[in-house]
Amino acid sequence: MAKTHRIAHVEIGSVGKDPLSLVNDARQDAKLLTRRRQEPEFDEVWVIFDTDEHPNIPRACAEALDAGIGVAVSNPCFELWLILHCRDQTGPLERREAQRHARDLELIDGKDIHPDAHETFELGYATARDRARSLDKRHEASASGPRANPSSSVWKLADRLRQSSSP
């Protein structure tokens, strides 16, 4: 019997903004899309951001959750999530260091996903999710908080996308 999958339709909104602006834009986009139709054109709205040196991350996360917007945060940057597909990263690292590691592992090419990395992400997904969850547990046990460096909750969004595209 052939395996069938539903397709998750993803639209990307604002990019390159601070976390609070991304949340505000996502909230406005969701309102606009809902106003156009009685039934919303979407199931979920998410924001993804790095921590960098943004001072309003707790506020952005709280406002997103209050608005029913999912949040995926990586500390120090998104590239950490990619690295976790290939290896553990238990010690803190700086953004540029994470980007260099991702380039060295041939996971990124400039700002884009490396064309040959898609199989790595598919095959390493469960391991990356486990590693990210393990980081959260370590941070919680040390009272440093779930978003301490290194950490990534991108797995939560990835899980949702994988669920929406399951048969």
Side-chain angles (χ1 to χ4, degrees), residues 7-85 89 92-103 105 107-114 117-118 121-122 124-125 128-129 131-137 139-140 144-165:
I7 298 206
H9 177 80
V10 177
E11 290 187 26
I12 298 173
S14 300
V15 295
K17 293 185 174 184
D18 67 276
L20 198 52
S21 295
L22 290 172
V23 170
N24 289 331
D25 288 355
R27 189 175 21 227
Q28 291 304 317
D29 289 347
K31 284 180 185 176
L32 179 64
L33 289 170
T34 303
R35 254 186 267 146
R36 288 184 185 157
R37 298 174 50 152
Q38 298 246 224
E39 290 292 317
E41 298 175 354
F42 54 89
D43 293 323
E44 298 178 14
V45 175
W46 282 76
V47 292
I48 304 171
F49 50 82
D50 299 344
T51 57
D52 292 325
E53 284 84 39
H54 297 296
N56 293 322
I57 290 175
R59 180 175 166 202
C61 291
E63 287 188 20
L65 295 174
D66 285 348
I69 296 169
V71 176
V73 180
S74 286
N75 186 355
C77 57
F78 182 77
E79 286 81 2
L80 172 67
W81 167 244
L82 305 180
I83 292 167
L84 293 175
H85 287 75
Q89 177 63 50
L93 71 166
E94 294 182 358
R95 178 175 49 92
R96 292 191 201 295
E97 182 183 10
Q99 292 167 338
R100 182 177 42 79
H101 288 311
R103 272 192 309 279
L105 292 165
L107 302 174
I108 61 170
D109 183 14
K111 284 281 197 180
D112 298 320
I113 299 294
H114 194 286
H118 295 284
F121 298 134
E122 184 62 32
Y125 172 73
R129 180 187 58 210
R131 288 173 175 157
R133 292 163 85 178
S134 177
L135 288 171
D136 283 347
K137 288 178 185 170
H139 293 311
E140 288 170 9
S144 59
R147 291 193 181 89
N149 184 342
S151 66
S152 180
S153 60
V154 174
W155 65 270
K156 293 177 182 181
L157 173 57
D159 269 5
R160 296 298 299 145
L161 289 169
R162 292 170 72 89
Q163 289 170 5
S164 70
S165 62

Is there a side-chain contact between [X] and [Y], using heavy atoms and a 4.5 Å cut-off?
X      : Y      : result
Asn75  : Asp50  : no
Asp29  : Val45  : no
Trp155 : Leu84  : no
His85  : Leu107 : no
Val71  : Val73  : yes
Leu82  : Ile108 : yes

[X]: partners by side chain to side chain contact (heavy atoms under 4.5 Å, CB included), with sequence neighbours left out:
X     : value
Arg96 : Gln99
Lys17 : Ser14, Ser21, Leu22, Asp25
Asn24 : Leu20, Arg27, Glu63

Exercise for the section: Determine yes or no for a side-chain-to-main-chain donor-acceptor pair under 3.5 angstrom, with His139 supplying the side chain and Pro150 the backbone. Expected result: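 Checked: pair present.
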
Practice task
Look at the side chain of Asn149 and the backbone N and O of Glu94, then say whether any donor-acceptor pair between them is shorter than 3.5 Å.
Solution key: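 Judged by distance alone, no pair lies under 3.5 Å.
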
For [X] against [Y], the heavy-atom pair lying closest together:
X      : Y      : answer
Val47  : Ala26  : CG1-CB, 3.7 Å
His118 : Ile113 : CE1-CG2, 3.9 Å
Ala132 : Ser152 : CB-O, 3.4 Å
Pro19  : Ile57  : CG-CG1, 4.0 Å
Phe49  : Cys61  : CZ-SG, 4.0 Å

Roughly how far apart are [X] [atom1] and [Y] [atom2], rounded to 0.5 Å?
X      : Y      : atom1 : atom2 : result
Phe121 : Trp81  : CZ    : CH2   : 10.0 Å
Ile83  : Arg100 : CD1   : CZ    : 9.5 Å
Leu80  : Gln89  : CG    : CD    : 6.5 Å

Identify, with sequence neighbours excluded, every residue that meets side-chain hydrogen bond (donor to acceptor under 3.5 Å, both in side chains) alongside [X].
X      : answer
Trp46  : Glu44
Ser153 : none
His114 : none
Ser151 : none

Problem - Any residue meeting salt bridge (charged side-chain N to carboxylate O under 4.0 Å, His left out) with Asp109, in chain and number order, not counting sequence neighbours - result: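 With sequence neighbours excluded, Asp109 shows a salt bridge (charged side-chain N to carboxylate O under 4.0 Å, His left out) to no residue whatsoever.
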
Practice task
Check ring-ring contact (aromatic ring centres under 6.0 Å, His included) between His101 and all other residues, then give those that pass, not counting sequence neighbours.
Solution key: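 By the ring-ring contact (aromatic ring centres under 6.0 Å, His included) rule, His101 matches no residue at all.
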
Handout entry: Glu79 with Lys111: basic N within carboxylate O range, under 4.0 Å
Key =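 Between Lys111 and Glu79 there is no salt bridge, as every charged N stays at least 4.0 Å from the carboxylate O atoms.
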
